[in-house]
Amino acid sequence: MIFLTVTAHPDDEILGFGASAAKFVSNGHEVYNCILSGDVNARLHRPDLKKLYEDTCNAQKIIGAEEPILGSFPNIKFNTVPHLELVQFIEKVIEEVQPDYIFTHHPSDLNDDHLCVSRACQAASRLSQRKPVKPIKGLYYMEILSSTDWAMPSNVLPFQPDTFVEVGEVNFDKKLKALEAYDGVMRPFPHPRSNEVLKGLAALRGGQSGKNYAEAFQTAFQILNL
Ligand SMILES: [Zn+2]
């Protein structure tokens, strides 16, 4: 199977899907991470672009993903980009990668770039109903600590996990190492992007599903072809 994540920022792909990616790759599947922002100008405490590019590539290697697919949309300003441009960029990636499953941001995240990406990815995921590309089997929303968990009450329901991937300690450790490959992502506890909270969430999602550490997702769209 071919898995594609579509996220706004370098590190989102690891926070949401890193341990699942490591597991799927070790089971013989392919994982492509499309990160729409390679521009770090608006990010405080961040290395320059070249260093961030190296960090991003290293993180992919640690989890076994393919070379990252990077866009240059303006960080923390995705809402200044026409929706259509985001959709067309993601559609091009879908045509190239031909994914079976797509994972993207939840549409109630606190981070506005995440919302823009989620909406664009929902639209792009319908590509096979407009063009002759391989239909996807499923679209899922990810849980990104310090964004999904920081969402305020709104008219969009918060993250409600319904799909769980058992990752075990080995793949969870790869996720942590991949996050540590990025400068400035991991923070001291009680920040959500700390070892303690990441491991606590993996244990909680494992407990909810009867599994040994898990990452959780919410189904947006799924085709059952049994
Ligand atoms: Zn992000």
Side-chain angles (χ1 to χ4, degrees), residues 3-21 31-49 51-60 62-63 65 68-81 83 85-87 89-90 93 102-122 124-125 139-152 154 156 158-159 161 175-176 178-187 191-195 197-198 201-202 215-218 220:
F3 294 85
L4 170 68
T5 71
V6 180
T7 57
H9 315 110
D11 72 16
D12 290 333
E13 82 287 5
I14 306 295
L15 284 165
F17 193 71
S20 299
V31 172
Y32 292 84
N33 291 316
C34 169
I35 304 163
L36 293 177
S37 167
D39 183 352
V40 292
N41 289 338
R43 304 190 110 188
L44 297 175
H45 315 299
R46 282 291 181 141
D48 62 24
L49 280 174
K51 174 71 166 65
L52 180 59
Y53 176 73
E54 289 168 5
D55 291 352
T56 306
C57 291
N58 285 336
Q60 310 310 304
I62 291 166
I63 59 166
I69 303 164
L70 301 175
S72 55
F73 293 100
N75 183 46
I76 321 184
K77 293 180 184 171
F78 277 37
N79 58 5
T80 64
V81 177
H83 171 73
E85 280 183 32
L86 290 170
V87 173
F89 185 92
I90 298 167
V93 173
I102 300 176
F103 291 74
T104 192
H105 293 293
H106 191 277
S108 80
D109 275 17
L110 180 70
N111 187 293
D112 198 59
D113 287 355
H114 291 192
L115 306 189
C116 295
V117 172
S118 184
R119 283 193 296 269
C121 192
Q122 290 168 44
S125 296
L139 171 68
Y140 301 89
Y141 299 136
M142 303 189 296
E143 182 173 31
I144 308 282
L145 278 174
S146 75
S147 184
T148 312
D149 53 317
W150 280 356
M152 305 279 182
S154 75
V156 179
F159 181 76
K175 172 177 180 158
L176 271 191
L179 287 171
E180 285 162 2
Y182 284 112
D183 275 354
V185 169
M186 296 301 286
R187 303 285 177 85
H191 193 282
R193 296 196 309 269
S194 59
N195 286 6
V197 177
L198 279 156
L201 180 66
E215 280 176 338
F217 306 95
Q218 183 174 344

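Ligands are counted one by one from 1 in listed order, and the atoms in each one are counted from 1 as well. Position 1 is the first residue of the sequence; numbering continues from there.
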Trainee: Does any N, O or S atom in Asp113 come within less than 2.8 Å of the Zn ion (ligand 1)?
Mentor: no
Trainee: Which word best sums up how the rings of Phe103 and Phe3 line up, parallel for under 30°, tilted for 30 to 60°, or perpendicular for over 60°?
Mentor: tilted
Trainee: For Asn79, give me all partners under side chain to side chain donor-acceptor pair (under 3.5 Å), at least two apart in sequence or on another chain.
Mentor: Asp112
Trainee: Looking at side-chain heavy atoms only, is the closest gap between Cys34 and Leu4 below 4.5 Å?
Mentor: yes
Trainee: Kindly report the NE2-the Zn ion (ligand 1)-OD1 angle for His114 and Asp12 respectively, rounded to 10°.
Mentor: 100°
Trainee: Under the rule for side chain to side chain donor-acceptor pair (under 3.5 Å), what residues qualify as partners of Thr7, not counting sequence neighbours?
Mentor: none
Trainee: Which atom name would you report as the N, O or S atom of His9 nearest the Zn ion (ligand 1)?
Mentor: ND1
